[in-house]
A.B. asks: 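Below you'll find the structure I mean.
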Amino acid sequence: MSAPHPLEVPLLTRRLHQAGYDGSLAAYRAGGGYRQFERAVTSLTPDQVTDMIKDSGLRGRGGAGFATGLKWSFMPKESVKPHYLLVNADESEPGTFKDRLLMERDPHLVVEGAAIAAYAIRARQVYVYVRGEYRHPRACMDRAIAEARADGLLGRNLFGTPYSLEMHTHPGAGAYICGEETALMESLEGKRGHPRPKPPFPAGFGAWGMPTTINNVETVATAPVILEMGALEYRKHGTPNSPGTFLVGVSGHVKRPGVYELPLGIPARAVIDEVCGGVRGGRRLKAFYVGGSSTGLLPAQHADVPLDHDSVRKLGVMLGTGGLVVMDESACIVRATMVLADFYDHETCGQCSQCRVGMEWCYQIIRRIELGQGQPDDVATLLDLIENFAGGKTICAFADGAAMPYRTAIQAFRAEWDEHVRRGGCPFAQSGERALEAVHA
Ligand SMILES: Cc1cc2nc3c(=O)[nH]c(=O)nc-3n(C[C@H](O)[C@H](O)[C@H](O)COP(=O)(O)O)c2cc1C
C-alpha cells in the first residue's frame with residue numbers, strides 16, 4: 001500500500017502504509033501490537049474495557065451501526081454458562097470488501113481486537129466465521145491465530161492471570177444469509193443457515209444456547225486502536241453521533257478504486273472526486289450505492305451528503321458496511337437493479353413466504369422491464385410488492401435490505417424505468433439481453 005491520501009486517517013490501517021510491513025506477528029508486535037490486550041487482561045476489568053468502548057461511541061461496522069459498548073454490556077456479568085464471541089467475517093454484501101483487507105494484510109489486528117472483545121464480554125472462546133469463498137483470508141487468520149497461540153497470546157492463564165482464551169476460524173457455508181447473525185449461529189452449529197426469530201437475543205441465548213456477542217471484523221479491529229489512543233482522542237475523528245474512522249471500499253466507475261480509511265462524516269463527493277480521483281473516462285457521476293447494495297442508492301445530486309449514520313438516514317438510505325459503488329452516466333439503473341434482484345432471489349433462505357416469493361417476483365418483473373417486455377403497471381406492481389415484504393414483516397432484515405436498492409432506484413430514477421417500459425427496451429448500450437448474458441456468464 002502506498003502513502004495515505006491526505007484525507008485518510010489511518011488508525012486501523014496505519015501499519016499497512018509502512019514500507020515492508022508483512023502482517024507477521026514479529027512485525028505487528030514491533031509496532032506495539034498485543035500491548036492493549038495484555039493491558040486489558042492484566043490491569044483492566046471487563047467492565048472497564050466495555051466502558052472505554054462505550055465512551056468512544058464506536059458503532060458496529062457490520063451494517064446496522066449498533067453501539068458496540070452497549071452490545072457488550074448486554075452480556076451477563078455473573079454466569080456459569082460459557083460465553084462466546086463470534087467475529088462476523090462473512091462479508092458477502094455486494095460492494096463490500098473491507099474486512100478481507102484487514103484479514104489478509106493485518107490479521108493480528110483482528111486477532112488482538114477479537115481477544116480484547118472476548119475479554120470484555122467474559123468469553124473464553126472466539127469463533128471467526130469466515131466467508132466460505134475467502135480461502136486466503138481464512139488461511140491468513142489461521143496463521144495469525146497459530147502464531148499468537150505459539151507466543152502465549154492465546155491459550156491458558158494468559159500473562160500469568162487466570163484468564164484463558166481460545167480462538168478458531170470456521171468456514172462459511174457459501175450463502176449471503178449466513179452473515180445475518182442468527183443464521184451465522186445456526187451455520188456454526190452445523191445446521192442450515194436459517195435466521196432465528198428474535199427474541200431471544202444472542203446475549204441471552206446465542207450459539208449453542210449460550211450468551212453470545214456477534215461483531216463484525218472491522219468493529220473488533222477498532223478495539224485495540226481505541227484502547228491505545230483513548231476514547232476521547234478517538235472521538236476527535238468523525239461526528240458526535242458517528243465517531244471515528246471507517247473503512248470505505250470504493251468500486252465501480254472511479255479512477256482509483258480501493259479501500260480507504262476515512263473519518264466518518266466525510267462527504268461522498270470528497271471520497272469519489274478527491275480520494276478516488278473522480279469518475280473515470282471524463283464521464284459524469286450518475287448515482288452511488290452508499291454502503292453496500294442493501295443500503296440503497298443515491299443520485300448524483302446528493303453527492304455532498306456526509307457519510308455518517310444520521311446524515312444518510314435523512315435521505316432514506318443507510319451507511320451499512322462502507323461499500324461505495326459508483327455509477328457513471330453510462331450505467332443503466334434498471335440493469336444494475338436487475339443484477340441485484342438476481343442476487344437477492346438466489347440468496348433468500350426461503351423461510352418467510354414474503355421474502356421467498358417476493359424476491360422471485362421482483363427479479364422476474366425487473367428482468368422483463370430490462371428486456372423490453374415491461375407492462376404499463378409493472379413499476380407500480382414492484383412498489384406494491386416491496387411494501388408487502390419490507391418493514392419488519394420477516395424473521396430477519398434480508399427482505400428490508402433487498403427493498404432498499406429497489407425502492408431507492410425507482411424513487412430516484414422513475415423516468416428511466418418508465419422509459420424502458422414505454423420504448424419496449426433498454427436505452428443504454430451493453431444492456432438488455434447482453435446484460436443478462438454477462439450476469440450469467
Ligand atoms: C442478510 C444479512 C447479511 C449480513 N451479512 C453480514 C456480514 O457479512 N458481515 C457482518 O459483519 N454483518 C452482516 N450482517 C449484520 C449482522 O447480522 C450483525 O448485525 C453484525 O455482524 C453485527 O456486528 P456489528 O455490531 O459489529 O456491526 C448481515 C445482516 C443481514 C440481514
Side-chain angles (χ1 to χ4, degrees), residues 53-54 56-75 85-100 102-103 110 113-114 116-117 120-121 127-134 137 172-188 193-196 198 201-203 206-207 212-223 226 242 244 246-247 249 291-295 309 318-323 340 343-344 346-352 355 359 389-390 392 394-405:
I53 300 298
K54 266 190 187 167
S56 76
L58 176 66
R59 298 175 69 159
R61 307 293 193 234
F66 194 83
T68 305
L70 185 64
K71 184 186 269 193
W72 293 3
S73 71
F74 292 155
M75 291 292 277
L85 173 73
L86 310 184
V87 179
N88 192 340
D90 200 54
E91 192 158 74
S92 308
E93 173 78 8
T96 301
F97 47 95
K98 43 95 183 174
D99 295 337
R100 175 182 180 172
L102 292 177
M103 290 189 285
V110 182
I116 291 170
I121 63 159
Y127 291 97
V128 186
Y129 185 96
V130 189
R131 175 183 172 147
E133 296 86 348
Y134 273 11
Y176 173 57
I177 195 62
C178 289
E180 194 281 334
E181 58 186 19
T182 59
L184 188 155
M185 293 189 294
E186 289 285 297
S187 176
L188 183 68
H194 274 176
R196 301 175 183 169
K198 286 190 274 191
F201 292 97
T212 301
T213 295
I214 299 114
N215 273 132
N216 173 258
V217 167
E218 184 187 343
T219 311
V220 296
T222 309
I226 293 170
S242 299
F246 69 139
L247 298 183
S293 62
S294 310
T295 60
H309 296 90
M318 287 169 63
L319 196 63
T321 45
L340 291 177
F343 171 80
Y344 289 111
H346 186 262
E347 297 295 331
T348 173
C349 82
Q351 277 195 104
C352 308
C355 187
M359 294 307 136
F389 60 68
T394 46
I395 293 175
C396 82
F398 177 103
D400 287 288
M404 291 297 278

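Each ligand, and each atom within it, is numbered from 1 in the order the structure gives.
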A.B. asks: In terms of side-chain heavy atoms, does Thr212 have a donor or acceptor partner in Tyr127 at a distance below 3.5 Å?
C.D. replies: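 Thr212 vs Tyr127: no donor-acceptor pair found between side chains.
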A.B. asks: Whether Arg100 engages the ring of Tyr134 as a cation-pi pair (distance to the six-membered ring centre under 6.0 angstrom, angle to the ring normal within 45°) should be assessed.
C.D. replies: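 Yes, Arg100 and Tyr134 form such a contact.
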A.B. asks: Parallel, tilted or perpendicular: which one describes the rings of Tyr176 and Tyr344, with boundaries at 30° and 60°?
C.D. replies: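 The arrangement is perpendicular - the two ring planes meet at more than 60°.
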A.B. asks: By the definition side-chain hydrogen bond (donor to acceptor under 3.5 Å, both in side chains), identify the one residue from Asn216, Thr219, Thr321 that meets it with Asp99.
C.D. replies: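 By the side-chain hydrogen bond (donor to acceptor under 3.5 Å, both in side chains) criterion, Asp99 pairs with just one of Asn216, Thr219, Thr321: Asn216.
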A.B. asks: Taking 4.0 angstrom as the limit, do Glu218 and Lys98 come out as a salt bridge?
C.D. replies: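 So Glu218 pairs with Lys98 through a salt bridge.
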A.B. asks: Distances under 3.5 Å, N/O of ligand 1 against N/O of the protein: list each pair and its distance.
C.D. replies:
{"from": "ligand 1", "atom 1": "5 (N)", "to": "Gly179", "atom 2": "O", "distance (Å)": "3.4"}
{"from": "ligand 1", "atom 1": "8 (O)", "to": "Glu91", "atom 2": "N", "distance (Å)": "2.9"}
{"from": "ligand 1", "atom 1": "9 (N)", "to": "Asn88", "atom 2": "OD1", "distance (Å)": "3.2"}
{"from": "ligand 1", "atom 1": "9 (N)", "to": "Asn88", "atom 2": "ND2", "distance (Å)": "3.4"}
{"from": "ligand 1", "atom 1": "11 (O)", "to": "Asn88", "atom 2": "ND2", "distance (Å)": "3.4"}
{"from": "ligand 1", "atom 1": "11 (O)", "to": "Asn216", "atom 2": "ND2", "distance (Å)": "2.8"}
{"from": "ligand 1", "atom 1": "12 (N)", "to": "Gly62", "atom 2": "O", "distance (Å)": "3.2"}
{"from": "ligand 1", "atom 1": "12 (N)", "to": "Asn88", "atom 2": "ND2", "distance (Å)": "3.1"}
{"from": "ligand 1", "atom 1": "14 (N)", "to": "Gly179", "atom 2": "O", "distance (Å)": "3.3"}
{"from": "ligand 1", "atom 1": "17 (O)", "to": "Glu181", "atom 2": "N", "distance (Å)": "3.0"}
{"from": "ligand 1", "atom 1": "21 (O)", "to": "Asn88", "atom 2": "ND2", "distance (Å)": "2.9"}
{"from": "ligand 1", "atom 1": "23 (O)", "to": "Asn216", "atom 2": "N", "distance (Å)": "3.3"}
{"from": "ligand 1", "atom 1": "25 (O)", "to": "Lys71", "atom 2": "NZ", "distance (Å)": "2.8"}
{"from": "ligand 1", "atom 1": "25 (O)", "to": "Asn215", "atom 2": "ND2", "distance (Å)": "3.4"}
{"from": "ligand 1", "atom 1": "26 (O)", "to": "Asn215", "atom 2": "ND2", "distance (Å)": "3.0"}
{"from": "ligand 1", "atom 1": "26 (O)", "to": "Asn216", "atom 2": "N", "distance (Å)": "2.9"}
{"from": "ligand 1", "atom 1": "26 (O)", "to": "Thr219", "atom 2": "OG1", "distance (Å)": "2.7"}
{"from": "ligand 1", "atom 1": "27 (O)", "to": "Arg61", "atom 2": "N", "distance (Å)": "3.4"}
{"from": "ligand 1", "atom 1": "27 (O)", "to": "Gly62", "atom 2": "N", "distance (Å)": "2.8"}

A.B. asks: So if I apply the side chain to side chain contact (heavy atoms under 4.5 Å, CB included) rule between Thr213 and each of Leu85, Val220, Leu86, which one comes out positive?
C.D. replies: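 It is Leu85; the other options fail the test.
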